[in-house]
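All figures in this text were calculated on a predicted structure; none of them were measured in a lab.
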Protein chains: 2
Amino acid sequence: MSNPIPTSPRGEPTREALVRAAIDVFGRDGFDAASTRAISDAAGVNQALIGYHFGGKPGLYLAALRFIATSVSTRLGPLVESIEARLAADGRARGKKVAAHSLAALQALLEAFVGMLASDESAAWARLILREQQSPSAGFDVLYDGFMHRILGAVSELVARAQDRGATAAECKLTAFTIIGQAVVFRAARAAVMREMQWRQLGAGELDGIRAQLRRNIAAIVQAEP
Amino acid sequence: MSNPIPTSPRGEPTREALVRAAIDVFGRDGFDAASTRAISDAAGVNQALIGYHFGGKPGLYLAALRFIATSVSTRLGPLVESIEARLAADGRARGKKVAAHSLAALQALLEAFVGMLASDESAAWARLILREQQSPSAGFDVLYDGFMHRILGAVSELVARAQDRGATAAECKLTAFTIIGQAVVFRAARAAVMREMQWRQLGAGELDGIRAQLRRNIAAIVQAEP
DNA sequence: GTCTATAGTCGGATAGAC
DNA sequence: GTCTATCCGACTATAGAC
């Protein structure tokens with residue numbers, strides 16, 4: 001059916017331009033409504049090249065999701081890796097000291113996360129991800145296995161150590177989602193945020209306020225008495 | 001251009017069937033990809049009736065958003081009204097007593113909110129709302145003015161009174177969004193939640209766990225020391 | 001590897017019978 | 001108010017020249 005992607009270096013710029021345009025157009029219009037013409041026009045290449053390079057529209061869609069997973073991993077990967085290394089080094093050790101640096105790491109990770117969600121470049125692929133969450137296609141696996149599972153695991157584990165009360169793994173995962181939700185809302189409900197806050201843009205100043213709020217909330221949640 | 005909606009009672013069942021089907025199909029496919037044929041088929045009526053009753057596809061879309069705003073208002077309106085009445089009765093009074101019942105009201109409102117977001121019936125229109133948030137059309141006003149602004153105002157005001165430390169209105173609004181985000185994530189990132197929690201459904205048991213988590217987090221956030 | 005041209009399908013809107 | 005029939009434009013995919 002859909003042939004493998006040709007790998008000749010000569011076509012690489014074309015493939016990358018198509019993928020970048022695809023993320024934008026698929027994110028804005030959804031898979032069905034997005035037209036291959038709109039994508040090829042935005043990429044500045046011929047429409048027939050989508051069939052040649054990706055086998056067709058679905059192949060280009062999957063390539064776009066893979067590109068997103070790689071982008072997120074590139075952006076958050078180093079921080080997540082350093083956290084995972086620290087988690088492994090601490091092993092089963094617990095106590096005030098572990099709790100303190102786990103909280104700090106949790107705050108740092110979510111500040112990086114919300115910074116990513118706030119950026120303009122993330123707008124297009126965030127739209128695609130939110131679509132996949134609402135109606136998962138076969139491509140959802142690319143996103144979940146590509147970065148979601150790993151980040152969720154790190155956040156849950158940090159919550160467990162920062163709280164240091166015998167919360168179950170399921171409870172920590174639930175806490176992780178409520179913490180992540182506090183960042184996600186600034187992308188998922190962006191239009192309402194901008195209108196209600198009467199912001200004209202979400203720039204550095206606004207992001208600082210959001211980050212301070214997140215730091216405070218995270219500390220309050222993990223330090224609260226059970 | 002698009003004539004006003006005919007108001008004859010004879011056509012009312014047709015209009016309602018079309019609006020209900022429209023919420024489902026528009027939510028699933030987006031405005032462009034949704035076909036009027038799919039909507040009329042799902043509604044069990046003739047495709048040409050969309051033109052007759054709503055002037056066309058855009059008219060039906062706006063009618064669907066209006067229906068959603070009314071549905072949410074019906075579901076959360078009474079609770080919000082009782083909260084607004086209490087806020088008005090308290091006036092400028094502050095202190096421990098006001099803080100305590102404001103916290104309780106905040107928790108109750110968010111439990112109702114997340115219950116709505118968890119319900120299957122809300123899935124379709126939640127999809128539509130998330131789409132509008134990501135790429136607001138002219139119809140976003142219908143949603144914002146219809147219920148968002150009012151609920152956000154109630155949550156912000158409850159946060160201000162439950163904290164009872166001189167936080168600015170902007171800070172309270174930001175806190176309100178982070179609190180609402182903790183509920184919204186269970187709709188916006190539903191696919192990731194189900195997979196990571198290894199849930200097969202989000203039923204009464206799972207919802208109880210989410211609500212307990214929200215209660216705890218909200219109390220921790222508003223009671224934390226500045 | 002990239003292009004033009006086109007075949008085949010499906011979309012929204014509407015005219016007109018009942 | 002509801003239906004059938006149809007126009008016309010836009011879409012994806014692909015054949016074939018360069």
Side-chain angles (χ1 to χ4, degrees), chain A residues 1-65 128 131 137-139, chain B residues 1-65 128 131 137-139:
Chain A
M1 185 110 41
S2 63
N3 293 326
I5 293 181
T7 50
S8 158
R10 187 147 83 89
E12 185 52 36
T14 297
R15 283 191 290 276
E16 180 164 337
L18 278 171
V19 166
R20 289 189 184 277
I23 291 171
D24 204 60
V25 178
F26 281 132
R28 213 172 293 278
D29 298 344
F31 180 80
D32 290 325
S35 75
T36 54
R37 286 175 209 284
I39 294 171
S40 58
D41 285 356
V45 306
N46 191 276
Q47 184 250 351
L49 291 175
I50 291 173
Y52 177 74
H53 284 293
F54 300 97
K57 194 179 176 183
L60 177 56
Y61 184 71
L62 282 180
L65 293 183
L128 250 187
R131 277 181 200 283
S137 73
Chain B
M1 186 116 36
S2 62
N3 292 324
I5 294 180
T7 51
S8 158
R10 187 149 83 90
E12 187 52 36
T14 297
R15 283 189 291 275
E16 180 164 338
L18 279 172
V19 166
R20 289 188 182 279
I23 291 170
D24 204 58
V25 179
F26 280 132
R28 212 171 295 276
D29 299 341
F31 180 80
D32 290 326
S35 75
T36 55
R37 285 178 165 84
I39 294 170
S40 59
D41 285 356
V45 306
N46 191 276
Q47 183 249 352
L49 290 174
I50 290 173
Y52 177 75
H53 284 293
F54 300 97
K57 195 180 177 182
L60 177 56
Y61 184 72
L62 281 181
L65 293 183
L128 251 187
R131 278 180 200 283
S137 72

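One atom, CG of A:L60, and another, P of D:dC11, lie 16 Å apart when rounded to the nearest Å. Rounded to an integer number of Å, the gap from CG of B:D32 to C1' of C:dA13 is 16 Å.
Using a 30° and 60° split on the angle between ring planes, A:F26 and A:F31 fall in the parallel class, below 30°.
In this structure a side-chain-to-backbone donor-acceptor pair under 3.5 Å is missing from A:K57 to A:I50.
Contacts of residues 34-50 of chain B with DNA chain C (heavy atom under 4.0 Å): B:A34, B:S35, B:T36, B:R37, B:Q47, B:A48. Near-neighbour residues of DNA chain D inside residues 8-28 of chain B, defined by a heavy atom below 4.0 Å, number-ordered: B:S8, B:R10, B:T14.
By the salt bridge (Lys or Arg N to Asp or Glu O under 4.0 Å) test, B:R37 pairs with no residue at all, sequence neighbours left out.
From B:H53, atom NE2 reaches atom OG1 of B:T14 across 5.0 Å, with rounding to the nearest 0.5 Å. Note that OG of A:S35 is 7.5 Å distant from CG of A:D41, once rounded to the nearest 0.5 Å. Taken from CZ in B:F54 to OG1 in B:T36, the straight-line distance is 13.0 Å, to the nearest 0.5 Å.
With respect to the salt-bridge test (charged N to carboxylate O, under 4.0 angstrom), the residues B:D24 and B:R20 do not qualify.
Across B:A64 and B:I23, no two heavy atoms sit closer than the pair CB-CG1, 3.7 Å.
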